[in-house]
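Since the structure comes first, as structure tokens, the remarks are kept for the end.
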2 protein chains.
Amino acid sequence: MKNVSINDIAGALHVSKTTVSLVLNNKGDALGISKRTQSRILKLAKKLNYQPNKIAKGLILGKTETIGVVLADISNVFYSKIARAIEDSLSHREYQVLFLSSDEDPAKEKKGIEILKHRIVDGFIISTTQLNKNIILQLQEENYPFVLIDRHFPDIHTNSVIVDNRGGALAATEHLITMGHNKIAHLTLSTHLYAIQQRIAGYRQALEAHRIAFSPDWIQDIPYTNAKKRMMIALKTLISIKGMTALFFANNRLTILALQCLQDMKINVPNDVAIASFDDVDTFKVTHPSITAVEQPLEAIGKYAVDILIEEINNSGKMNPKKQVILPTKLIIRQSSRKYPVTADS
Amino acid sequence: MKNVSINDIAGALHVSKTTVSLVLNNKGDALGISKRTQSRILKLAKKLNYQPNKIAKGLILGKTETIGVVLADISNVFYSKIARAIEDSLSHREYQVLFLSSDEDPAKEKKGIEILKHRIVDGFIISTTQLNKNIILQLQEENYPFVLIDRHFPDIHTNSVIVDNRGGALAATEHLITMGHNKIAHLTLSTHLYAIQQRIAGYRQALEAHRIAFSPDWIQDIPYTNAKKRMMIALKTLISIKGMTALFFANNRLTILALQCLQDMKINVPNDVAIASFDDVDTFKVTHPSITAVEQPLEAIGKYAVDILIEEINNSGKMNPKKQVILPTKLIIRQSSRKYPVTADS
DNA sequence: TTGAAAGCGTTACCAT
DNA sequence: ATGGTAACGCTTTCAA
């Protein structure tokens, strides 16, 4: 269980640990350590399977080559795909990733960030709950490297990588309009997340652009608690009472929930009602019908976030200009938004 | 950006850092530090928002309160759910989690474990690729705390938390038999993962128990590459040529792939062929028809793994008896395995 | 071409 | 009741 240290190598070879450290960090040539000494050290290090103690290195260097990733919930496909993209981009640079799920709870978010901050991570990638602006402001003030993903504060100038939520919602809604619908409802979340608000804005923008009369009750919030029951009621109201012929959902969770409800209610998609969703997930390819959705570039989000973060970490000290990137989404048209009449296939 | 250290507090209060350390670690009373000194220190620490430097602590204590989790792919629902369960159990104990995706690549697995081993994590939870027994044996030999999940080596006595793969496959296959089928094929992976072999064993056991004549070509391997094409061929052969009326899939990925193929081939489930799958995923609830599946207790896997690991870390030094837990699965019966004739709904 | 020593922030031992 | 100092394993001057 004992690990080989730089001292062990130095002792065995009768050289100083300085020499060993230098050689192992490829500074041998620059500092003019003899080829012979270098190769002896290198050889022994390999033989003993020497691995530097990252903790000790971290202490002196003030860097751990570890970054903290704070997400709402790692078990949600959306985040786990981003997580994977982040992990991949980072591992190419020999960085490690610490994950933290905030569960949309600002207290958990704060606690997690504080624990990691104190020198265990070199920086953060955060999908903020947006419920605790202070913690973000504080990081910013302390000049702690971080980048916000998926969600950001429109009024704080931080590094951020988000998608064009408004554009995506606009495209989906316009597609529904193109398919002949003019009674299109929007099912969304009761939240103040800026990203969700932008989706509402995109939806409304599409209706306006096509001069479709709109009434505020076309938009229904589904709360987190009692979601299924509330969804049932909302669907019934929108479809049976208000005569909506198309539904646009703010995220994949809502859509999947609605699909179950619609099946229970014997309402056929897309014959009785057409559907489009924000967030493309694999499930949407195998449902019947398959679901038209706004795809978010998850790998790109992860990649950009890492690039920006690493650059900031490497330039720490210097005041880096904050970068904001907004990535385009892509509308994937499937069966759920087909024009009817539709011939049923199995 | 400068962090408060124990020295800053000691300096400001004109006490030694020993005293500060003692007080901050709640050893003040035991060591008889005066109440007054204690409260002065505590107050200032709070005021300056002192946070101990975990790295320094890690160096001297040889513990980082961080554990490494090595999974095949964090973006796979199966693993991300386990990951979440692990994270939750661990966060209650103030532990952090480092994730690593191995991509079923033994080289990545080895490299990842080696990087983390050298003092950055206190222990591991590993879903091994099973392709590199050495790395596991080495951990065992070094008495490094770890527990294997999902997959294990039947011939090495390590800590492990797995599910009853054979039992799950047996139950699913028997269910299909009960539904009146006696030509049941098994679609599996070309792999030597023990867990997958056990599923095959369970499937065969069910057939034998019911004295159903079986031929080896009822079992088809689908390789990773060219999966869709290979699946098409396998399905065609099994259903059209060999007249199979039911299919049992070794995991959710295969089932989802098959669902797409069957849709393309205009083969109706469950009218033309019945289906059951190992691995329950959310998708299976919203497909049409919904899919009968063997549910694995993912949260329990995570929880048990953490319990065992933490206990081992806390008792490090002592030789702990290795624990193996085998968790039961649960068959969730849905529409895909219904007896025909079936009246189409929706 | 190499080595000695200081220092990173903490804990722990031994004094006083 | 409190302080001095070594130690954890490493990097980095500075000196030789």
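Lettering of chains follows the sequences in order, A, B, ..., and the numbering in each one begins at 1. Everything numeric in this text was worked out from a predicted model, so none of it was measured. All values below come from the heavy atoms of this structure, side chains included, with hydrogens, waters and symmetry mates left out.
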**OP:** Not counting sequence neighbours, list each pair that qualifies as a salt bridge (charged side-chain N to carboxylate O under 4.0 Å, His left out) and has a residue in residues 149-160 of chain B.
**Re:** B:E104-B:R151, B:K133-B:D155

Subject >> Spacing of B:K63 atom NZ relative to C:dT11 atom P, expressed in whole Å >> reply: 15 Å

Original post:
Roughly how many Å is it from CG in B:L61 to C1' in C:dA12, rounded to a whole number?
Top reply: 10 Å

What side-chain donor-acceptor pairs closer than 3.5 Å can you find for residues 39-49 of chain A, not counting sequence neighbours?
from  : atom 1 : to    : atom 2 : distance (Å)
A:S39 : OG     : A:R36 : O      : 3.2
A:R40 : NH2    : A:L13 : O      : 3.2

Subject >> Within-4.5 Å side-chain heavy-atom neighbours: A:F146 and A:I113 >> reply: no

Original post:
What integer distance in Å separates A:I55:CD1 from D:dT11:C1'?
Top reply: 16 Å

Original post:
Using a distance-only test with no angle check, is there a side-chain donor-acceptor pair under 3.5 angstrom linking B:S101 and B:D103?
Top reply: no

Original post:
Of the candidate nucleotides C:dT11, D:dG9, C:dG7, which contains the atom at the shortest distance from the side chain of B:K57?
Top reply: C:dT11

Original post:
Between atom CG in A:L13 and atom P in C:dG3, what is the gap in whole Å?
Top reply: 10 Å

Subject >> Contact list for DNA chain C against residues 14-28 of chain A - heavy-atom distance below 4.0 Å >> reply: A:H14, A:V15, A:S16, A:T18, A:T19

Original post:
B:L116 and B:F124: side-chain contact (heavy atoms from CB on, under 4.5 Å), yes or no, with the steps?
Top reply: CA-CA 9 Å; B:L116 296 190; B:F124 286 104; 3.7 Å; yes

Subject >> Nucleic acid contacts of residues 34-44 of chain A, taken as heavy-atom distances under 4.0 Å to DNA chain C >> reply: A:S34, A:T37

Original post:
Of the nucleotides C:dT11, D:dT2, D:dC10, which has the atom closest to the A:A56 side chain?
Top reply: D:dC10

**OP:** Sorted by first residue and then second, give each ring-ring contact (aromatic ring centres under 6.0 Å, His included) pair with at least one member in residues 75-101 of chain A; sequence neighbours left out.
**Re:** A:F99-B:F99

Subject >> Atom pair distance, as rounded to whole Å: OH in B:Y50 and C1' in C:dT10 >> reply: 7 Å

Original post:
Can you tell me how far C1' of C:dT11 sits from CG of A:L59, to the nearest Å?
Top reply: 12 Å

Subject >> Nucleotide C:dG9, atom P - distance to CD1 of A:I120 in whole Å >> reply: 15 Å

Subject >> Between C1' of D:dC14 and CG of A:L31, the distance in whole Å >> reply: 12 Å

Original post:
Side-chain contact, heavy-atom cut-off 4.5 Å: A:V121 with A:Y144?
Top reply: yes

**OP:** Consider the side chain of B:P52, meaning its heavy atoms from C-beta on, and name the nucleotide among C:dC8, C:dT2, C:dT10 that approaches it most closely.
**Re:** C:dT10

**OP:** Let me see the working for B:K322 and B:E312 under salt bridge (charged side-chain N to carboxylate O under 4.0 Å, His left out), right down to the final yes or no.
**Re:** CA-CA 9 Å; B:K322 300 301 175 210; B:E312 179 136 345; 2.8 Å; yes

Original post:
Between B:I33 and B:I60, which has a closest nucleotide on DNA chain D that is more 5'?
Top reply: B:I33

Subject >> Pairs satisfying salt bridge (charged side-chain N to carboxylate O under 4.0 Å, His left out), at least one member in residues 89-102 of chain B, at least two apart >> reply: A:K111-B:E94, B:R93-B:D307

